[in-house]
Amino acid sequence: MRLLNRLSNNRDERSLASQLRRRRFRFFRSLFDPLPRPLRLLDVGGTRLFWQQMGFADEAGVEIVLLNHQAGELALRERDIGATHFVEHIGDARAMPEFGDHSFDVVFSNSVLEHVGTFEDQQRMMAEVRRVGKRYFVQTPNYYFPLEPHFLVPGFQFLPLEAKIWL
């Protein structure tokens with residue numbers, strides 16, 4: 001059990017999940033860092049804690065809008081953390097009429113797309129991401145990866161629904 005916790009615990013900096021997340025974020029930074037400031041970024045489904053853990057709190061000239069379907073961990077509305085300005089917004093990733101076309105320099109989403117519902121809902125989310133962002137970085141787990149990323153059970157995603165429910 002301790003090994004499974006070490007592999008998947010999001011709050012444990014030594015976990016495999018945290019190490020892989022940091023590795024993906026380094027790739028994102030390689031694309032993000034050359035962009036001119038000031039810069040607006042929309043994080044669909046993200047948290048301020050994620051950006052702090054990734055060492056992003058001291059990014060001058062960056063505003064991050066956190067879009068979630070419910071209030072975040074501290075129910076913040078606007079707050080500066082280090083040099084980065086955060087704004088929390090409650091909304092729906094499938095329909096973002098409150099944001100104009102190309103109103104964000106970058107739209108970022110980390111492992112959210114697979115949670116928005118049906119395939120049609122996922123298509124609606126991606127259409128909105130493309131509409132509101134000039135650029136976008138959307139990450140989702142590889143369905144064919146041997147370990148299911150939420151439960152770390154080999155092949156879980158291939159099991160019949162009844163077996164998934166039982167497990």
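Since the structure is predicted, the reported quantities are computational estimates derived from the model, not experimental observations.
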A.B. asks: With sequence neighbours excluded, tell me which residues meet ring pair (Phe, Tyr, Trp, His ring centres under 6.0 Å) with F108.
C.D. replies: F28, F50, W51, F137

A.B. asks: Find out if a path of hydrophobic residues (ILVMFWY) with successive side-chain heavy-atom gaps under 4.5 Å connects L159 to I165.
C.D. replies: no

A.B. asks: Rounded to the nearest 0.5 Å, how far apart are OG1 of T118 and CZ of R124?
C.D. replies: 7.5 Å

A.B. asks: If I take atom CG from residue L67 and atom CD from residue E128, how far apart are they, to the nearest 0.5 angstrom?
C.D. replies: 10.0 Å

A.B. asks: Between Q122 and F119, is any pair of side-chain heavy atoms under 4.5 Å apart?
C.D. replies: yes

A.B. asks: Within the 4.5 Å heavy-atom criterion, are V44 and V107 side-chain neighbours or not?
C.D. replies: yes

A.B. asks: Does a donor on one side chain sit under 3.5 Å from an acceptor on the other, for S109 and Q139?
C.D. replies: no

A.B. asks: Under the 3.5 angstrom rule, does the side chain of N68 hit a backbone N or O of G46 as a donor-acceptor pair?
C.D. replies: yes

A.B. asks: Can you list everything that forms a salt bridge (charged side-chain N to carboxylate O under 4.0 Å, His left out) with R40? Sequence neighbours excluded, please.
C.D. replies: E63

A.B. asks: State, yes or no, whether a side-chain contact exists between V132 and H102 at a heavy-atom distance under 4.5 Å.
C.D. replies: no

A.B. asks: Under the side chain to side chain donor-acceptor pair (under 3.5 Å) rule, collect the residues that match up with Q123, sequence neighbours excluded.
C.D. replies: none

A.B. asks: Would you say that E98 contacts H89 through its side chain, given a criterion of any heavy-atom pair below 4.5 Å between the two side chains?
C.D. replies: yes

A.B. asks: When rounded to the nearest 0.5 angstrom, what distance separates CD in E120 from CE in M125?
C.D. replies: 15.5 Å

A.B. asks: Would you say that more than 12 heavy atoms from the other residues, nucleotides or ligands in this model lie under 6.0 Å from the CZ of R37, or not?
C.D. replies: yes

A.B. asks: Just to verify, what does K134 make a side chain to side chain donor-acceptor pair (under 3.5 Å) with, not counting sequence neighbours?
C.D. replies: D105

A.B. asks: For L41 versus F32, what's the shortest heavy-atom pair and its separation?
C.D. replies: CD1-CE1, 3.6 Å

A.B. asks: Determine whether a donor-acceptor pair (N or O, by modelled atom type, separation under 3.5 Å) exists between the side chain of R131 and the backbone of F99.
C.D. replies: yes

A.B. asks: Nearest 0.5 angstrom please: L66 CG to L49 CG, how far?
C.D. replies: 11.0 Å

A.B. asks: Following the transitive rule for hydrophobic clusters with a side-chain heavy-atom cut-off under 4.5 Å over Ile, Leu, Val, Met, Phe, Trp and Tyr, establish whether F158 and L161 coincide in one cluster.
C.D. replies: no

A.B. asks: With rounding to the nearest 0.5 angstrom, report the CG to CE distance, D121 to M126.
C.D. replies: 14.0 Å

A.B. asks: Using 0.5 Å steps for rounding, measure from the OG atom of S103 to the CE atom of M96.
C.D. replies: 9.0 Å

A.B. asks: Could you pull out all residues at least two apart from R29 that satisfy side chain to side chain contact (heavy atoms under 4.5 Å, CB included)?
C.D. replies: F25, D33, F56, E59

A.B. asks: Restricting to side chain to side chain donor-acceptor pair (under 3.5 Å), what partner residues turn up for R135, sequence neighbours left out?
C.D. replies: none

A.B. asks: With a 4.5 Å heavy-atom cut-off, do I90 and H69 have their side chains touching?
C.D. replies: no

